[in-house]
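Worksheet for the structure shown next.
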Amino acid sequence: DNEIAFKINRMSGAPVVYRPEARLLHDHRMEPREYLTREYNLGYCAPGFAGKSPQCARDLFGRDILDNAEAAYSREFVQRERTGSARALRSFESLAEMPASVVDGPSQDRLLALAYQSHLPLKRWVWRRGLVDAVAGVEMNADRALGELV
């Protein structure tokens with residue numbers, strides 16, 4: 001989707017507009033491991049995407065993810081943030097055990113925002129773990145990567 005919007009913009013000059021007020025109900029449940037596996041796979045595939053569409057990737061990621069400095073930063077990030085990500089994984093997985101009705105009520109928006117914000121460091125760790133594995137030529141294996149957090 002991002003690459004199509006990028007190409008249309010480059011070919012026609014049509015602007016790509018971000019509308020934060022636009023909402024779409026996207027209802028398909030993912031278990032925590034499925035979600036994190038998807039994030040790992042996105043990180044793993046990012047270098048291939050950047051190699052095929054470098055300008056789009058630079059615009060999307062805000063940096064050159066194929067740069068050696070980016071790979072070095074990602075390796076350091078994965079090492080530095082492993083312990084915090086392991087703690088976050090346990091909390092994130094426990095969310096799946098709660099009924100959705102837990103957030104019903106007047107504080108629903110704040111509770112959902114809190115849950116979302118609390119998982120972002122874990123999401124970033126998993127994405128970068130995938131990127132590091134891809135750059136190192138390690139076989140794509142989200143289960144192995146997530147096993148580092150257990």
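- Note on Leu66 and Met140: separate hydrophobic clusters, where clusters join Ile, Leu, Val, Met, Phe, Trp and Tyr whose side-chain heavy atoms are under 4.5 Å apart, directly or indirectly.
- Gln108 and Asp104 share no side-chain donor-acceptor pair at under 3.5 Å.
- The shortest side-chain heavy-atom distance between Leu89 and Trp125 does not fall under the 4.5 Å cut-off.
- For Glu139, the CD atom sits in a loose shell: 12 or fewer heavy atoms of surrounding residues, nucleotides or ligands are nearer than 6.0 Å.
- Here Glu76 contributes atom CD and Glu81 contributes atom CD; the two are 8.0 Å apart, rounded to the nearest 0.5 Å.
- One distance of note links CZ of Phe6 with CG of Asp59; it measures 5.0 Å at 0.5 Å rounding.
- Of all heavy-atom pairs spanning Asn9 and Ala14, the tightest one is ND2-O, 2.8 Å.
- Contact of the Leu114 side chain with the Arg110 side chain is not registered, since no non-hydrogen atoms from C-beta on lie closer than 4.5 Å.
- Hydrophobic clustering (ILVMFWY, side-chain heavy atoms < 4.5 Å, transitive): Met30 and Leu42 are in distinct clusters.
- Listed by chain and residue number, nothing satisfies the side chain to side chain donor-acceptor pair (under 3.5 Å) test with Gln117 (two or more places apart in sequence, or in another chain).
- For the ring-ring contact (aromatic ring centres under 6.0 Å, His included) criterion with Trp127, the lone passing option out of Tyr44, Phe61, Tyr35 is Phe61.
- Considering every non-hydrogen atom in both Pro47 and Ile65, the closest pair reads N-CD1, 3.9 Å.
- Tyr73 and Val138 are not part of a single hydrophobic cluster, where members link through side-chain heavy atoms under 4.5 Å apart.
- Formation of a donor-acceptor pair under 3.5 Å by the Ser53 side chain with backbone atoms of Phe49 is not found in this model.
- Looking only at side-chain heavy atoms (C-beta outward), Thr37 and Glu34 stay at 4.5 Å or farther from each other.
- Under the side-chain hydrogen bond (donor to acceptor under 3.5 Å, both in side chains) criterion, the residue pairs touching residues 85-98 are Arg33-Glu93, with sequence neighbours excluded.
- Placement of Leu36 and Met98 within a single hydrophobic cluster is found when ILVMFWY residues are connected by side-chain heavy-atom separations under 4.5 Å, directly or transitively.
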CA sep, side-chain torsions, deciding dist, call: Glu70, Arg128, salt bridge (Lys or Arg N to Asp or Glu O under 4.0 Å): CA-CA 10 Å; Glu70 179 68 22; Arg128 286 194 182 274; 2.9 Å; yes
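- Environment of CZ in Arg58: crowded, with over 12 heavy atoms of neighbouring residues, nucleotides or ligands closer than 6.0 Å.
- Between Leu149 and Arg129 there is no side-chain heavy-atom pair separated by less than 4.5 Å.
- Between the OH atom of Tyr40 and the CZ atom of Arg144 there is a distance of 4.5 Å, given to the nearest 0.5 Å.
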